[in-house]
Number of protein chains: 2
Amino acid sequence: MELSRDPGAASGRVAAPTLHVRLTDADAIPFPTRTIERGDALYCAGEALRSLYTVQSGCFKTVATFPSSDDTNAPHTQVIGFHLPNETLGLDGVCTARHESDAVALETSVVRIMPVGILEPLCREYAAMQHELLAIMSAEIVRASRLALMLGTMPARERVAAFLLDFFERFDASAASSTEHATDVLLPMTRADIGSYLGLELETVSRMLSKLQREGAIGLNGRQVRMVDRAILAHN
Amino acid sequence: MELSRDPGAASGRVAAPTLHVRLTDADAIPFPTRTIERGDALYCAGEALRSLYTVQSGCFKTVATFPSSDDTNAPHTQVIGFHLPNETLGLDGVCTARHESDAVALETSVVRIMPVGILEPLCREYAAMQHELLAIMSAEIVRASRLALMLGTMPARERVAAFLLDFFERFDASAASSTEHATDVLLPMTRADIGSYLGLELETVSRMLSKLQREGAIGLNGRQVRMVDRAILAHN
DNA sequence: CGGCTATTTGAATCCATTCAAGGGGAGTGG
DNA sequence: CCACTCCCCTTGAATGGATTCAAATAGCCG
């Protein structure tokens, strides 16, 4: 009854287990799906938590809003996550039974809907499923902590580089097809989204991307990004 | 089998449920305790995850280390949490079965040790306990996301103010004794710790604290902080 | 009493923001 | 099909907030 295996996740990123990949039992359950158009919200902060969602295709951003200390000022708002296929949405709402953030589709996307009322009993029945849900939530804690670490310690250039490395890695992971690394990806989000996520202004993101291109780390054509030299990107 | 209640947590902070407060059944279980001296680590990043811990008394900081992109440079390191009595430590390790951060006692502290090998079966037996564990983990996700939001969007003064408000609130929550708000607290951490947590230099923290004192928001005497005017603190 | 660490405060520097302007691509309607 | 508009992106220049460097004070422990 040991907590977790996960040999491959030694030092680098945290593996992102998902309820439907690992648990073939769950695949037998007729969880419905839903299609969300680009720009539409899957859920909004404050709504009652009904389900957790697994991204089947497409991409989402989650946006957190902090009730500004000063009422007269605009509340602080920030993108706190991007979610690719096989990643789970809604975990932050379990504690209050209300969603704590907005989830907005960056392109037309499909999610699998897992009602929490079904999920919890299921987890009590199947040890593996319970363990997996706990692991997913833990991974989300680690992800959020890493974001905080990035925002707290890295200069702009490094943040953008780290974002790109992470995105390429997760893009590979979500494309279950080949074992190859993608060299080209099309970013589904705007510079403003990236900036919000990284705690930077969109101009700064644009500048750093341009700089990374000049340095020969990446190729750049609008939202199309080509990985040219991982070492340059990684090496500060 | 609805996910969570928690009437009081409408808009403000997230309630921090704890395994031993809510589950009287669990109190019957002879979970051992352990005393950690100031400066010593309860666990370190990379260690195998054996247990989760609930702070009984004292205070911890958790420190995350990011394997610096550039090997020649020092790795990025940051305090990503402070943990007061009744709060749970170790949740970030569930996903990889290894601790993802160091937990260091800021003063002599006592923790209750809950072996994960016991916890998981227990949660499958008791629905309330499973729900509670999920809620705790979810609250941790929200906490980490809030930290990221703070680091990504707030100027220095606001971060320090938010830190103080949060600390006072949690200090009250951890002192189960009275229903009164504490007006005086003794911060267990250094300015450097606070700065690391807030993504600021220790000098900046000191400056902002001084400024808040000049503005009449707080009284300050070393690590002794008196809450004078919450409104000033909250208003920008 | 020293020696140490923690804290405060000042002054100069720097990185990211802010303000501003121009280019480019997608979609719409004439 | 082209013109028009809207949004997104890029780049430059000036500003500003936080850092860095530096020095002095306060507090704690042996």
Side-chain angles (χ1 to χ4, degrees), chain A residues 37-39 61 73-74 76-79 104 106-108 150-164 185-215 218-226 236, chain B residues 37-39 59 61 73-74 76-79 104 106-108 150-164 186-215 218-226 236:
Chain A
E37 294 301 322
R38 171 186 174 171
K61 65 175 172 182
N73 276 348
H76 296 292
T77 195
Q78 183 180 7
V79 174
V104 178
L106 294 171
E107 53 192 82
T108 302
M150 187 158 77
L151 296 176
T153 65
M154 289 185 185
R157 199 210 111 121
E158 225 169 318
R159 293 188 205 181
V160 174
F163 166 76
L164 288 176
V185 300
L186 186 64
L187 299 178
M189 72 292 282
T190 68
R191 303 288 193 258
D193 284 332
I194 300 173
S196 172
Y197 178 67
L198 297 177
L200 302 169
E201 293 305 310
L202 67 93
E203 294 97 327
T204 306
V205 174
S206 181
R207 272 185 251 272
M208 294 306 145
L209 286 172
S210 298
K211 177 187 279 202
L212 290 172
Q213 186 180 31
R214 282 197 301 274
E215 294 172 358
I218 59 172
L220 198 56
N221 183 11
R223 296 192 182 179
Q224 189 81 38
V225 181
R226 169 167 308 187
N236 182 323
Chain B
E37 294 300 323
R38 171 186 173 174
C59 182
K61 65 175 172 182
N73 277 348
H76 297 293
T77 194
Q78 183 180 8
V79 174
V104 178
L106 293 172
E107 53 191 82
T108 301
M150 187 158 78
L151 296 176
T153 63
M154 291 185 184
R157 198 209 112 122
E158 224 170 320
R159 292 188 207 182
V160 174
F163 166 76
L164 288 176
L186 186 65
L187 299 178
M189 71 292 281
T190 67
R191 304 287 194 259
D193 284 332
I194 300 173
S196 173
Y197 178 68
L198 297 177
L200 302 170
E201 293 306 310
L202 67 95
E203 296 96 327
T204 307
V205 174
S206 179
R207 272 185 252 272
M208 294 306 146
L209 287 173
S210 299
K211 177 187 279 200
L212 290 172
Q213 186 181 29
R214 282 196 303 275
E215 294 172 357
I218 59 172
L220 198 57
N221 181 13
R223 295 192 184 181
Q224 191 80 37
V225 181
R226 169 169 308 188
N236 178 339

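Throughout, a chain's letter reflects where its sequence line sits, starting with A, and its residues are numbered from 1. Computation of the quantities below employed the complete heavy-atom set of this structure, encompassing side-chain atoms and omitting hydrogens, waters and symmetry-equivalent molecules.
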Nearest whole angstrom, please: distance from the [atom2] of [N] to the [atom1] of [X].
{"X": "A:Leu202", "N": "C:dA21", "atom1": "CG", "atom2": "P", "answer": "17 Å"}
{"X": "A:Leu151", "N": "D:dA18", "atom1": "CG", "atom2": "C1'", "answer": "16 Å"}
{"X": "B:Arg191", "N": "C:dT9", "atom1": "CZ", "atom2": "P", "answer": "10 Å"}
{"X": "B:Leu209", "N": "C:dT8", "atom1": "CG", "atom2": "P", "answer": "7 Å"}
{"X": "A:Leu187", "N": "D:dT10", "atom1": "CG", "atom2": "P", "answer": "10 Å"}
{"X": "B:Gln213", "N": "C:dT7", "atom1": "CD", "atom2": "C1'", "answer": "13 Å"}
{"X": "A:Leu220", "N": "D:dT11", "atom1": "CG", "atom2": "P", "answer": "9 Å"}
{"X": "A:Gln224", "N": "C:dG24", "atom1": "CD", "atom2": "P", "answer": "19 Å"}

Nearest heavy-atom neighbours spanning A:Leu151 and A:Tyr197: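 What the structure gives for the nearest pair is CD2-O, 3.8 Å.
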Considering all heavy atoms, the nearest A:Val79-A:Ser196 contact: N-OG, 2.8 Å
Close N/O contacts between protein and nucleotides 26-30 of chain D (under 3.5 Å):
none

Straight-line distance of B:Glu203 CD to B:Arg207 CZ, nearest 0.5 Å: 6.5 Å
Touch class at under 4.0 angstrom, heavy-atom based, for B:Ser206 against every strand present: base
Those residues that, when tested against B:Arg223, pass salt bridge (charged side-chain N to carboxylate O under 4.0 Å, His left out) (two or more places apart): none
For B:Arg226, all residues meeting salt bridge (charged side-chain N to carboxylate O under 4.0 Å, His left out), sequence neighbours excluded: B:Asp184
Review item, nucleotides 15-17 of chain C N/O atoms under 3.5 Å of protein N/O:
| from | atom 1 | to | atom 2 | distance (Å) |
| --- | --- | --- | --- | --- |
| C:dA16 | OP1 | A:Ala156 | N | 2.6 |
| C:dT17 | OP1 | A:Gly199 | O | 3.4 |
| C:dT17 | OP1 | A:Glu201 | N | 3.3 |
| C:dT17 | OP2 | A:Glu201 | N | 3.3 |
| C:dT17 | OP2 | A:Thr204 | OG1 | 2.3 |

For A:Gln213, all residues meeting side-chain contact (heavy atoms from CB on, under 4.5 Å), sequence neighbours excluded: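 In terms of side-chain contact (heavy atoms from CB on, under 4.5 Å), with neighbours along the sequence ignored, A:Gln213 is linked to A:Ile218, A:Leu220.
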Validation row: A:Leu200, A:Val160 side chains within 4.5 angstrom (heavy atoms): yes
Pairwise side-chain contact, A:Leu164 with A:Leu209, heavy-atom cut-off 4.5 Å (strictly under): yes
Selection residues 186-200 of chain A - residue pairs positive for salt bridge (charged side-chain N to carboxylate O under 4.0 Å, His left out), sequence neighbours left out: A:Lys61-A:Asp193
